[in-house]
Undergrad: 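Have a look at this one.
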Amino acid sequence: MLKLMNADENKSKRLVSLMKKRGFIQPAFELYGGVAGLYDYGPLGGRLRRNVISKWINHWISLGNIVEIDSPTITPEPVLKASGHIGAFNDYASECKFCSSIYRSDHLLEEVHNNPDSLDNLSLDEELSKHKIPCPSCKKSGWLPSEPLNLMFSTTIGASKGGRRAYMRPETAQGMFLQYPSIYRHFRGKLPFGAVQVGKGYRNEISPRQGMIRLREFNMAELEYFIDPQKDIDYNLNSWDHIELKLVPDPINGEIKELKCTIYDAVENKIIRDKTVGWFMIKTFELMIELGINSDLIRFRQHETDEMAHYATDCWDLEIFGSYGWIECVGIANRGCYDLEAHQKVSKTNDLKAWRDYENELEIDKIICSPVQSIIGPHFKGKSKLISNHLETLDALEIKFPYSTTIDGEEITIEENMVEIKEVKSIERGEWFTPHVVEPAFGIDRIIWHILEHSYTEISKENDDYYTILALKNKICPIDFSVYPLFEKDGLDEMAKKIIFSIRDIKGINVNYDGTKSIGRRYARGDEIGVPYAITVDHQTLEDNTVTLRERDSQEQKRMHIEDLLKFISQY
RNA sequence: GCGGAUAUGGUGAAGUGGUAUCACCUGAGGUUUCCAACCUCAUGUCGUGGGUUCAAUUCCCGCUAUCCGCACCA
């Protein structure tokens with residue numbers, strides 16, 4: 001496999017050149033020297049990206065219980081504190097007092113400490129001064145207190161000094177969690193349901209590498225699927241029995257082993273711990289094939305327990321093989337109720353819950369102490385509300401009067417005449433609970449990169465070592481049809497333009513005209529950017545209204561009447 | 001972040017202390033009856049800031065970016 005990668009190295013260089021040359025992908029801000037980790041999509045890449053995103057959204061929306069939402073990228077600090085992004089994502093950095101160089105605190109201590117990664121900021125500072133760690137750059141020893149090295153871009157909301165601290169979101173998921181009440185209402189409380197969001201995410205990587213693979217600003221597409229953990233849903237997993245997935249399970253019981261099996265078996269045999277995760281895995285696999293990823297180059301890898309993010313309980317990555325090796329492109333995680341509960345706790349609301357009907361109604365007979373407000377009110381004044389609440393929690397059968405307790409730091413006594421012992425009947429039909437969340441999170445840029453890599457084919461033609469075909473799938477490709485007049489004279493060019501106008505009337509089709517240079521070159525130009533079909537207008541067209549339709553991948557041509565062509569295109 | 005290498009039209013490359021060459025691509029014209037043909041012409045380049053110098057794309061230093069290791073990240 002290593003040999004294969006080396007052989008492909010030049011090929012992948014030629015792909016990068018092509019991407020730049022033809023306007024798919026290029027480093028951003030090149031006029032100003034460029035910025036690592038930031039990329040532009042060009043005239044063709046922009047449309048490619050749009051097509052991938054549309055396909056992604058439709059794939060999920062068509063399930064019927066998924067909606068699309070959108071939320072801001074600028075996120076106030078408390079949100080990210082609640083979600084755990086501030087804290088868990090952090091490493092500490094120390095600044096040299098003398099030369100202002102900044103280093104990761106734990107890295108400075110590597111020589112003198114076994115596991116500096118585990119230290120908190122105070123211990124880090126202590127160790128640094130105890131061992132008189134010198135600055136690698138100026139060799140003096142003296143460090144300012146370590147600060148969290150945050151991988152998020154920070155900003156301030158509001159221009160004045162009192163502005164609120166905020167960050168560019170590191171994932172789109174939080175937007176879906178915060179919109180949960182609205183989504184819950186939309187579906188009128190019927191779980192399971194989900195929401196998707198496509199947008200930019202930001203991570204201030206220390207050193208982005210590997211081209212499009214690690215970006216500082218990237219396109220993410222995330223789906224949050226809210227489920228009742230107690231309800232067993234039948235996903236009909238055996239309807240995918242014709243597909244064998246490559247799985248690399250958590251090596252918790254031994255060495256890493258890749259195995260092949262159907263999604264049904266993987267869930268049955270508990271290789272995949274969560275059925276819903278399994279369902280999303282196979283749905284995601286389907287989507288990848290539709291987008292043009294080579295199915296042989298896809299595998300799922302389960303996160304090892306210590307590798308799992310702070311929120312997840314089970315997590316599988318969809319990895320795609322390309323010139324950078326196996327790259328994680330989708331993460332499918334069961335996040336449990338972590339996020340919703342965290343936000344409920346911090347924001348002090350009760351709104352992030354769902355209602356579950358009991359199978360059988362529960363009749364509950366209770367004997368309670370009902371406070372007599374006309375006595376308690378005047379007697380305890382401001383404290384009366386707290387006292388009433390307390391009384392309602394007591395078991396009336398056990399209580400003896402006068403009853404003493406401490407409320408709000410004060411000893412109080414309840415006399416018998418302050419309460420009324422009542423028998424109440426209540427019927428409980430269900431309960432509130434916090435839904436669990438299964439999240440498939442897609443790195444769109446990484447997927448696009450691999451679509452391009454897997455589509456990129458070089459064949460040899462006479463006099464041509466590298467004839468390039470970008471075998472993009474229909475409707476993913478930026479341009480769907482090209483119309484070429486054999487020559488731009490004798491009215492062929494006008495005929496071609498007439499045909500283009502009729503094609504443009506068909507919705508959603510992007511058609512392109514090219515009339516310069518030889519016909520062979522124009523086919524080559526089209527093949528190179530993945531135009532699936534070329535329509536050629538020749539002299540015969542003027543006589544009998546027929547054109548030739550050339551297929552990109554087979555390079556075969558068929559002559560057909562313009563009417564039939566338009567019919568073909570409208571069904572394309 | 002550390003170590004090494006690199007930066008020349010859109011792409012891929014050559015070259016020089018006196019402002020740069022080639023191929024492909026692109027555009028115009030000609031030619032051409034279906035797969036990167038040919039002819040003529042044309043457009044377009046020394047990453048960036050500073051230093052040395054009469055003169056720097058070339059030499060030196062800083063910065064930025066890219067590639068390869070290591071580390072980090074997922």
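Proteins get letters first, then strands, A, B, ... in listed order; numbering begins at 1 in each.
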Undergrad: Considering non-hydrogen atoms only, spot the tightest contact between A/Gly292 and A/Lys473 and give its length.
TA: CA-CG, 3.7 Å
Undergrad: Nucleotides 27-31 of chain B: which of its N/O atoms have a protein N/O under 3.5 Å away?
TA:
none

Undergrad: Does B/A28 have a Watson-Crick or wobble partner in any strand here, with both distances under 3.5 angstrom, and which is it?
TA: B/U40
Undergrad: What is the minimum heavy-atom distance between A/Ile293 and A/Ile447, and which atoms define it?
TA: CD1-O, 4.0 Å
Undergrad: Specify the separation, in whole Å, of atom NZ of A/Lys20 and atom C1' of B/U26.
TA: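 Going from A/Lys20 (NZ) to B/U26 (C1'), I get 17 Å.
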Undergrad: Does B/C59 pair with anything, Watson-Crick or G-U wobble, both distances under 3.5 Å, and if so, with which nucleotide?
TA: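 Here B/C59 is engaged in a pair, and the nucleotide opposite it is B/G51.
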Undergrad: Using both distances under 3.5 Å as the test, list the Watson-Crick or G-U wobble partner of B/G1, or none.
TA: B/C70
Undergrad: Determine whether a donor-acceptor pair (one donor, one acceptor, N or O, separation below 3.5 Å) exists between the side chain of A/Tyr484 and the base of B/C34.
TA: no
Undergrad: Which atom names give the shortest non-hydrogen contact between A/Pro532 and A/Tyr572, and what distance separates them?
TA: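 That would be CG-OH, 4.1 Å.
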Undergrad: Can a side-chain donor-acceptor contact be found between A/Tyr456 and A/Glu458 if the only test is distance below 3.5 angstrom?
TA: yes
Undergrad: Give one of base, sugar-phosphate or nothing for A/Phe487, where a contact means two heavy atoms less than 4.0 Å apart.
TA: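 Base contact - A/Phe487 has a heavy atom under 4.0 Å of at least one base atom.
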Undergrad: Counting only side-chain nitrogens and oxygens, does A/Ser518 get under 4.0 Å of the OP1 or OP2 atom of B/A37?
TA: yes
Undergrad: Going from CD1 on A/Ile499 to CD1 on A/Ile569, what distance comes out if it is rounded to the nearest 0.5 angstrom?
TA: 9.0 Å
Undergrad: Rounded to whole Å, how long is the line connecting atom CZ of A/Arg559 with atom C1' of B/U33?
TA: 11 Å
Undergrad: Does A/Arg214 contact B/C72 through a side-chain donor or acceptor facing the base, at a distance under 3.5 Å?
TA: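 Check passes, donor-acceptor contact within cut-off.
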Undergrad: So which nucleotide from B/U11, B/C2, B/C34 ends up closest to the side chain of A/Arg209?
TA: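 It is B/C2.
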Undergrad: Only pairs with both distances under 3.5 Å count, Watson-Crick or wobble alike; so what is the partner of B/U64 in this structure?
TA: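 Partner of B/U64: B/A7.
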Undergrad: Please state how far atom CD1 in A/Ile529 lies from atom P in B/U11, giving the value in whole angstrom units.
TA: 17 Å
Undergrad: Using heavy atoms and a sub-4.0 Å distance, could you list which residues of residues 534-547 of chain A are near RNA chain B? By number, please.
TA: A/Thr536, A/Asp538, A/His539
Undergrad: So is A/Arg169 actually on top of A/Tyr202's ring, under 6.0 Å and inside 45° of the axis?
TA: no
Undergrad: Starting from the 5' end of RNA chain B, give me the residue, A/Thr468 or A/Arg446, whose nearest nucleotide shows up first.
TA: A/Thr468
Undergrad: Locate the shortest heavy-atom distance separating A/Tyr39 from A/Gly211; write the atom from each residue and the value.
TA: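 Closest heavy-atom pair between A/Tyr39 and A/Gly211: OH-CA, 3.3 Å.
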Undergrad: Across the strands shown, which category fits A/Gln555 at heavy-atom distances under 4.0 angstrom: base, sugar-phosphate, nothing?
TA: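 Result for A/Gln555 = base.
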Undergrad: What integer distance in Å separates A/Ile519:CD1 from B/A36:C1'?
TA: 12 Å
Undergrad: Could you go step by step and tell me if A/Asp490 and A/His539 meet the side-chain hydrogen bond (donor to acceptor under 3.5 Å, both in side chains) rule?
TA: CA-CA 8 Å; A/Asp490 304 337; A/His539 286 92; 3.0 Å; yes
Undergrad: Could you check which nucleotide pairs with B/C46 in any of the strands shown, counting Watson-Crick or G-U wobble with both distances under 3.5 Å?
TA: none
Undergrad: Please report the closest heavy-atom contact between A/Leu472 and A/Ile529, naming both atoms and the distance.
TA: CD1-O, 4.1 Å
Undergrad: Look at all strands and tell whether A/Glu30 reaches a base, only sugar-phosphate, or nothing, counting heavy atoms closer than 4.0 Å.
TA: nothing
Undergrad: Nearest whole Å is fine: how far is B/G49 C1' from A/Tyr32 OH?
TA: 15 Å
Undergrad: For A/Arg521 and B/A37, is the shortest distance between a side-chain N/O and OP1 or OP2 below 4.0 Å?
TA: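 Result: yes.
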Undergrad: By the 4.0 Å heavy-atom rule, please label A/Gly23 as base, sugar-phosphate, or nothing.
TA: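 Counting heavy atoms under 4.0 Å across all strands, no contact is made by A/Gly23.
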Undergrad: Once rounded to the nearest 0.5 Å, what's the spacing between atom CZ of A/Arg522 and atom NZ of A/Lys517?
TA: 11.0 Å
Undergrad: How would you label the contact of A/Arg522 with the nucleic acid (heavy atoms, under 4.0 Å): base, sugar-phosphate, or nothing?
TA: nothing
Undergrad: So A/Tyr533 and A/Phe481, would you call those rings parallel, tilted or perpendicular, with 30° and 60° as cut-offs?
TA: parallel
Undergrad: On the side chain of A/Arg550, is there an atom forming a donor-acceptor pair with the base of B/C35 - under 3.5 Å, no angle test?
TA: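 Such a pair is found, so the answer is yes.
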Undergrad: Can you tell me whether the side chain of A/Glu205 and the base of B/C73 have a donor-acceptor pair closer than 3.5 Å?
TA: no
